[in-house]
Amino acid sequence: MAGQAAFVREFLRERAMILINGRLRGDPLALLHLDEGRIDPYPLYERIRAAGPLTLTRLGVFTTADHAVCDQVLRDRRFGVGGRVVDDTAELSFLEMNPPDHTRLRRFAAPTFGPRAIAGFDGTITAVVRRLLDRLPTGRPFDLVADFAAPMPIAVITELLGIPDADAEEFSRYGTVFGSALGGLQSLRHVGQLMEAKQQLARIFTRLFDLKRAEPGDDVISRLVAAEGDKVRPEEMVPLCTLLLIAGFETTVNLIGNTTLALLKHPEAWHRVAADPDLAAAAIEETLRYDAPVQRTGRGAMEDVEIAGRIVRKGEYVVTLLGGANRDPKVFDRPARFDLDRPNANDHLGFSSGIHYCVGAPLAKLEARIAIQEITQRFGNLAMIKPGVRRPGSLIRGLSSFPVVGYPILARA
Ligand code: HEM
């Protein structure tokens, strides 16, 4: 109870700081947390970039939209996770740990999501994608996010973890609430929902551990219960599963949504991908740069560090604007342009950098590639019928509703 009260107090203090410094003082980092940043963060990144490679903001934290500085902070072992001032959400296992605990848990999880393990997953993903596409109407409106991009990664990660069909709906419900907090908590009601979802997820995961101990299968949770002990401590089991579940829920949906949106806004690119499905991989890589689903992260200095000509003192925090770094003109030629032929698109920081580089990157790219290939093949002609609705929060960037209508035949000019 005391923990919950402190959580609520901290949440209210952060919201007040953001409102005062954003609305009254025009601080661009504070504005990023408000509607301005949610709708279009890119002009704010340019303001931050223009102020220098590393600047101290009115929120009391440093920030950077410089590609080299972001990369340096994320790779420098003198910086660590923890001590976040804003965007605090919930325990997310090794994403929020430093070595040696980070190394131990990441070593356990990484092989499951490595390129080799994931390659065998092609068929399952294609089957899930086709099943969802088969339910979509032709020539009548549907919601690309709710009816396709959201359920797809949920179905895939549920299968990978070994969650039985009977429990999938419950996991999906609580996982979605929990995942929505990744983008930053929106209200006190949201805080309450998160606490409830956290308890419910712990309850159903614990029941699932018992089930897998009795009847192990060829899945991540069975491997986890077998590794319980020195490799994974009992109290680490629920947060680890929650991280894997949520990371799969709330990010890939936006990669699929943002790629589709960028392609629809650039019809010649859409038609190129529809004509040559091999180009889907380039569209996804360019979207990870041009409109990344995870827009920022951050690190705290564990000792005094000199960086970009400034001293970041021990305990101070740097917000690394991944979405801003991805538009750094020192690295990307004409960065505001969506370009399928960009030679260095994959220098983006959309999956972060350093020791926390996204474990699920190969899975996310595979899911998104198959989704984009199948949708462009199914609907050679897809059109947005009214403006989509942006998700709440600006850390995770994407649409929560994306109304479209699709026809199988390519449009003729
Ligand atoms: C488009 C989809 C995705 C994007 C944009 C994305 C992005 C990211 C980013 C930016 C980080 C690092 C955060 C930081 O440095 O503080 C991260 C970490 C992580 N991601 Fe992803 N992710 C995606 C999909 C996935 C999927 C499908 C999984 C698999 C379950 C996953 C699992 C993880 C895990 C476990 C970490 C923590 C890694 C660590 O701390 O060592 N992600 N992701």
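FYI, side chains are in, hydrogens and waters are out, and symmetry mates aren't considered; it's all heavy atoms of this structure. A quick note: this is a predicted structure, and the numbers were derived from the prediction, not measured. Atoms within a ligand are numbered from 1 in the order they appear, just like the ligands themselves.
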Yes or no: does Gly350 have any heavy atom under 4.0 Å from an atom of ligand 1?
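Contact present.
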Any atom of ligand 1 sitting under 4.0 Å from a heavy atom of Arg299?
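It does, in that a heavy atom of Arg299 comes within the 4.0 Å cut-off of ligand 1.
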Between [X] and [Y], does any side-chain N to carboxylate O distance fall below 4.0 Å?
X	Y	result
Asp219	Lys212	yes
Arg233	Glu236	yes
Asp304	Arg313	yes
Glu169	Arg173	yes
Arg391	Glu250	yes
Asp101	Arg104	yes

Which of the atoms of ligand 1 are close to [X], meaning less than 4.0 Å from one of its heavy atoms?
X	result
His102	39 (C), 40 (O), 41 (O)
Phe113	29 (C), 30 (C)
Leu244	30 (C), 35 (C)
Ile157	30 (C)

Relative to [Y], does [X] satisfy both conditions: NZ or CZ under 6.0 angstrom from the six-membered ring centre, and within 45 degrees of the ring's axis?
X	Y	value
Arg327	Tyr290	yes
Arg289	Phe332	yes
Arg296	Tyr45	no

Is there a donor-acceptor pair closer than 3.5 Å between any side-chain N or O of His67 and the backbone N or O of Asp347?
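Yes, His67 side chain to Asp347 backbone: donor-acceptor pair under 3.5 Å.
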Would Tyr357 count as a polar contact of ligand 1, with the cut-off being nitrogen or oxygen pairs under 3.5 Å?
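No; every N/O pair is 3.5 Å or more apart.
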Residue and atom name of the nearest protein heavy atom (relative to [atom]), distance in Å to one decimal:
atom	value
atom 13 (C) of ligand 1	Leu95 CD1, 3.8 Å
atom 16 (O) of ligand 1	Thr297 OG1, 2.6 Å
atom 27 (C) of ligand 1	Thr252 OG1, 3.7 Å

Provide the closest heavy-atom pair for His102 versus Ile355 in the form atom of the first, atom of the second, distance.
CE1-O, 3.1 Å
Test side chain to side chain donor-acceptor pair (under 3.5 Å) applied to Arg397 and Asp40, Asp291, Asn258, the passing residue
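Considering Asp40, Asp291, Asn258, a side chain to side chain donor-acceptor pair (under 3.5 Å) with Arg397 is found only for Asp291.
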Heavy atoms only, cut-off 4.0 Å: how does [X] contact ligand 1, side chain, backbone, both, or neither?
X	value
Leu255	side chain
Phe94	both
Leu243	side chain

For atom 12 (C) of ligand 1, which of the options Gln295, His356, Arg296, Lys365 provides the nearest non-hydrogen atom?
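Minimum heavy-atom distance to atom 12 (C) of ligand 1 goes to His356.
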Could you name all protein N, O or S atoms found under 2.8 Å from atom 21 (Fe) of ligand 1?
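The answer, once waters are left aside, is Cys358 SG.
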